[in-house]
Amino acid sequence: MLFDERRDLENRMLAEGRLPPGQSTTLKFPVLHYGPVPRTDLATWNLRAFGLVNEEKVWTWEAFTALPTHTITTDIHCVTRWSKFDTLWEGVLFRDIVEMVGVKPEAKYVIAHCEYGYTTNMPLDAMLDDDVMLAYKFDGKPLDPDHGYPVRTLVPKRYFWKSAKWVRSLEFAEKDRLGFWEQAGYHNDADPFKEQRFSRG
Ligand SMILES: Nc1nc2c(c(=O)[nH]1)N[C@H]1C(S)=C(S)[C@@H](COP(=O)(O)O)O[C@H]1N2
Ligand SMILES: [Mo]
């Protein structure tokens, strides 16, 4: 029964061109990360934007959740070969953050820094896409601790390791700097439809 439901969905997504090569469908929401799940106290939590910006900013939880939000429904693809369709997220658009801090023209890359030192890097251009956000709700509810509570980045057009859980700061940089999985041999671009899983070498 569950198998049929999953197989039907998979065939439909394949027909619609939404299932990237080498992926299969999941109806669950798997949890994947390196290291422990942080315990966050919203009273002391903050989010910082720094580097090549006109004005560094720090948002408390109160200030961050007062910013305008957007909701998006999108597909997510993990390099470990599962894809999940029509996931519903709410948060602050990354481009709105960029607007608020005023990014300098030399800034070409964004490095997301998370609790316990996880990082992931992205070109600034790609982060300005209208589906990239700092998400703090999934399916209308606060994120689960396992899935990045209180805030994660969401970069749906890349493999899911580019979506940084427990994000605490956003660095704007002139030069690219490989993040945690990128240093471990994952592909720097991570486009699921080009199957950019691992870097050559
Ligand atoms: N801070 C942090 N974010 C992270 C990771 C991590 O280890 N630490 N793992 C990444 C990987 S490899 C994946 S596949 C997704 C998994 O997100 P999920 O657990 O919500 O499915 O988170 C990404 N973000
Ligand atoms: Mo992953």
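Atoms considered below: every heavy atom in the structure, side chains included; atoms not considered: hydrogens, waters and symmetry mates. Nothing fancy with the numbering, it's 1 onward along the sequence. We count ligands from 1, going down the list as the structure has it; atoms in each ligand are counted the same way.
- When hydrogens are left out, the protein atom nearest atom 24 (N) of ligand 1 is Ser163 O, 2.9 Å; that is the closest non-hydrogen contact.
- Heavy atoms of Trp82 approach ligand 1 to within less than 4.0 angstrom.
- Only the side chain of Trp181 comes within contact range of ligand 1, with a heavy atom under 4.0 Å; no backbone atom does.
- Side chain of Arg197 to main chain of His187: no donor-acceptor pair is present (N/O by atom type, distance under 3.5 Å, no hydrogens or angles).
- Considering only non-hydrogen protein atoms, atom 16 (C) of ligand 1 sits nearest to Leu32 O, 3.3 Å.
- The pair Asp129-Lys157 meets the salt-bridge criterion, since a charged nitrogen lies less than 4.0 angstrom from a carboxylate oxygen.
- Each of the following atoms of ligand 1 lies closer than 4.0 Å to a heavy atom of Cys78: 14 (S).
- For the residues Glu115, Arg152, Lys165, His33, the heavy atom positioned nearest atom 19 (O) of ligand 1 is part of Lys165.
- Taking every non-hydrogen atom of Pro30 and a distance limit under 4.0 Å, the qualifying atoms of ligand 1 come out as 18 (P), 19 (O), 21 (O).
- Between the Arg6 side chain and the Leu27 main chain, no donor and acceptor come within less than 3.5 Å of each other.
- Listed by atom number, the atoms of ligand 1 under 4.0 Å from Trp166 heavy atoms are 1 (N), 2 (C), 8 (N).
- The neighbour count for Glu62 CD, taken as heavy atoms of other residues, nucleotides or ligands under 6.0 Å away, does not exceed 12.
- Numbered from 1 in the order shown, with element, the atoms of ligand 1 that lie under 4.0 Å from a heavy atom of Phe29 read 20 (O), 21 (O).
- Within 6.0 Å of CZ in Phe193 there are more than 12 heavy atoms belonging to other residues, nucleotides or ligands.
- The proximity of Trp161 to ligand 1, defined as any non-hydrogen pair under 4.0 Å, involves the side chain as well as the backbone.
- Residue Phe160 touches ligand 1 through backbone and side chain together, judged by heavy-atom distances below 4.0 Å.
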